[in-house]
Amino acid sequence: MNNQIFSLQPFPSTKSLPNLKITGNISRNANQLAIDYNLGGDLKEIAISSPSNAPSRKYKLWEDTCFEFFLGIKNSQRYWEFNLSPAGHWNVYRFDGYRQGMQEETAFEKLPFSVQNQADSLALALDVDLDKIISANQEIEIGITTVIKYKDGEVTYWALTHRGVEADFHRRDSFIVKL
């Protein structure tokens, strides 16, 4: 079992950011991937969707506060984007190459994850079986990201690393976790 702790950095911005921290850990045991995000700090200014009674697959979750990760197979152009909303909504997209051939990944019919929302922290935990999309012996490379939307409409982009002049979660050189 391979377990790694992470801490996300905001894309450099001229706006002063509230005191936020996004940390967590990710592990892979055979083909079971577990990821935990912890958003801590002054959450009063952040737009966080209330839990839904009927979480479902939804489009454009990245337009609001959304926890994400990008999973690629080592030495392959193909990758997947996982979107997890604090409301419980989710989606998974498959790409053939950098921002190419985006389609909904139908191998997943649901993505069960838990959300704990407190005054000064939000925790999200996902445990997913990757057998539906890759084999257990394939090495994977992961980019861990989060979109934070403020109540005033401002959006900030958080990632393990920012390698470009613009915030771009799809850049393969930012998939720096190897599992």
Side-chain angles (χ1 to χ4, degrees), residues 1-29 32-71 80-93 108 110-130 142-164 166-171 174-179:
M1 175 149 147
N2 193 338
N3 184 36
Q4 294 188 36
I5 292 168
F6 63 83
S7 179
L8 303 186
Q9 309 306 315
F11 188 77
S13 160
T14 50
K15 183 181 195 267
S16 68
L17 299 172
N19 191 12
L20 290 184
K21 208 182 245 175
I22 304 174
T23 57
N25 61 67
I26 184 167
S27 63
R28 184 180 183 192
N29 187 1
Q32 207 58 33
L33 185 79
I35 185 165
D36 297 302
Y37 296 85
N38 288 294
L39 169 63
D42 184 6
L43 305 189
K44 289 189 303 293
E45 302 301 314
I46 297 176
I48 297 172
S49 306
S50 303
S52 167
N53 294 330
S56 62
R57 184 187 285 259
K58 287 226 162 130
Y59 293 106
K60 297 191 176 180
L61 291 172
W62 58 82
E63 291 180 352
D64 293 296
T65 296
C66 181
F67 296 86
E68 308 181 348
F69 65 94
F70 291 75
L71 184 155
W80 289 265
E81 173 182 347
F82 288 74
N83 299 155
L84 308 167
S85 159
H89 302 304
W90 61 277
N91 215 331
V92 182
Y93 301 98
F108 296 100
K110 59 182 192 298
L111 218 51
F113 58 96
S114 66
V115 178
Q116 289 169 321
N117 193 350
Q118 278 126 12
D120 60 351
S121 72
L122 186 135
L124 187 146
L126 168 71
D127 207 333
V128 63
D129 184 352
L130 299 178
I142 296 180
I144 303 169
T145 62
T146 300
V147 175
I148 298 291
K149 185 173 185 181
Y150 296 88
K151 289 180 177 165
D152 68 5
E154 180 86 21
V155 175
T156 56
Y157 300 93
W158 296 66
L160 294 168
T161 181
H162 295 279
R163 298 278 168 93
E166 294 177 14
D168 184 352
F169 295 161
H170 291 257
R171 287 179 62 114
S174 64
F175 292 21
I176 58 174
V177 172
K178 316 282 186 214
L179 292 173

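If you read the sequence from its start, that first residue is 1, and numbering goes on from there.
- For Lys151, the NZ atom counts as densely surrounded, since its 6.0 Å shell holds more than 12 non-hydrogen atoms of other residues, nucleotides or ligands.
- Residues forming a salt bridge (Lys or Arg N to Asp or Glu O under 4.0 Å) with Lys178 (at least two apart in sequence, or on another chain): Glu141.
- For the atom pair CD of Glu68 and CG of Asn91, the computed distance is 11.0 Å after rounding to the nearest 0.5 Å.
- Once rounded to the nearest 0.5 Å, the distance linking OG1 of Thr156 with CD of Gln9 reads 12.0 Å.
- Evaluation of the side-chain contact (heavy atoms from CB on, under 4.5 Å) rule for Lys21 yields Thr23 as partners, not counting sequence neighbours.
- Of all heavy-atom pairs between Gln4 and Leu179, the closest is NE2-CD2, 3.8 Å.
- Under the ring-ring contact (aromatic ring centres under 6.0 Å, His included) criterion, Phe6 pairs with Tyr37, not counting sequence neighbours.
- A donor-acceptor contact shorter than 3.5 Å is absent between the side chain of Thr161 and the backbone of Arg163.
- Contact between Thr65 and Ala47 at its shortest, heavy atoms only, is OG1-O, 2.7 Å.
- Between Trp158 and Leu8, the closest heavy-atom pair is CE3-O, 3.6 Å.
- Under a 3.5 Å cut-off, the side chain of His89 and the backbone N or O of Ser56 do form a donor-acceptor pair.
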Can you give each donor-acceptor pair under 3.5 Å made by side-chain atoms of residues 119-130, sequence neighbours left out, with the distance rounded to 0.1 Å?
unit_1	atom_1	unit_2	atom_2	d
Ser121	OG	Gln118	OE1	3.1
Asp127	OD1	Gln32	NE2	3.2
Asp129	OD1	Asp131	N	2.9

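- The line from CD1 of Ile148 to CD of Glu45 is 13.0 Å long, rounded to the nearest 0.5 Å.
- With sequence neighbours excluded, no residue forms a salt bridge (Lys or Arg N to Asp or Glu O under 4.0 Å) with Lys110.
- In summary, of the residues considered (Phe82, Trp80, Phe175, Trp90), a ring pair (Phe, Tyr, Trp, His ring centres under 6.0 Å) with Phe69 occurs for Phe82 alone.
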**OP:** Could you walk me through whether Val177 and Ile144 pass the side chain to side chain contact (heavy atoms under 4.5 Å, CB included) test, one step at a time?
**Re:** CA-CA 8 Å; Val177 172; Ile144 303 169; 4.2 Å; yes
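- Within the model, atoms OG1 of Thr146 and CH2 of Trp62 stand 15.5 Å from one another, a figure rounded to the nearest 0.5 Å.
- Phe113 has its ring centre no less than 6.0 Å from the ring centre of Phe67.
- Here the shortest heavy-atom pairing between Phe169 and His162 reads CE2-CE1, 4.5 Å.
- Closest heavy-atom contact between Lys58 and Tyr93: O-OH, 4.0 Å.
- Asn83 contributes atom CG, which lies 12.0 Å from atom OH of Tyr59 (distance to the nearest 0.5 angstrom).
- Residues Glu81 and His170 meet the side-chain proximity criterion, which asks for heavy atoms closer than 4.5 Å.
- From Leu84, atom CG reaches atom SG of Cys66 across 6.5 Å, with rounding to the nearest 0.5 Å.
- In this structure, Ile142 and Ile35 have side chains that are not in contact, with every pair of non-hydrogen atoms separated by 4.5 Å or more.
- Using a 4.5 Å heavy-atom threshold, the side chains of Ile46 and Tyr150 count as touching.
- Nearest heavy-atom pair, Leu43 versus Leu20, reported as atom, atom and distance to 0.1 Å: CD2-CD2, 3.6 Å.
- In terms of the salt bridge (Lys or Arg N to Asp or Glu O under 4.0 Å) criterion, residue partners of Asp64 (sequence neighbours excluded) are, by chain and number, Lys149.
- The shortest side-chain heavy-atom distance between Thr145 and Tyr157 does not fall under the 4.5 Å cut-off.
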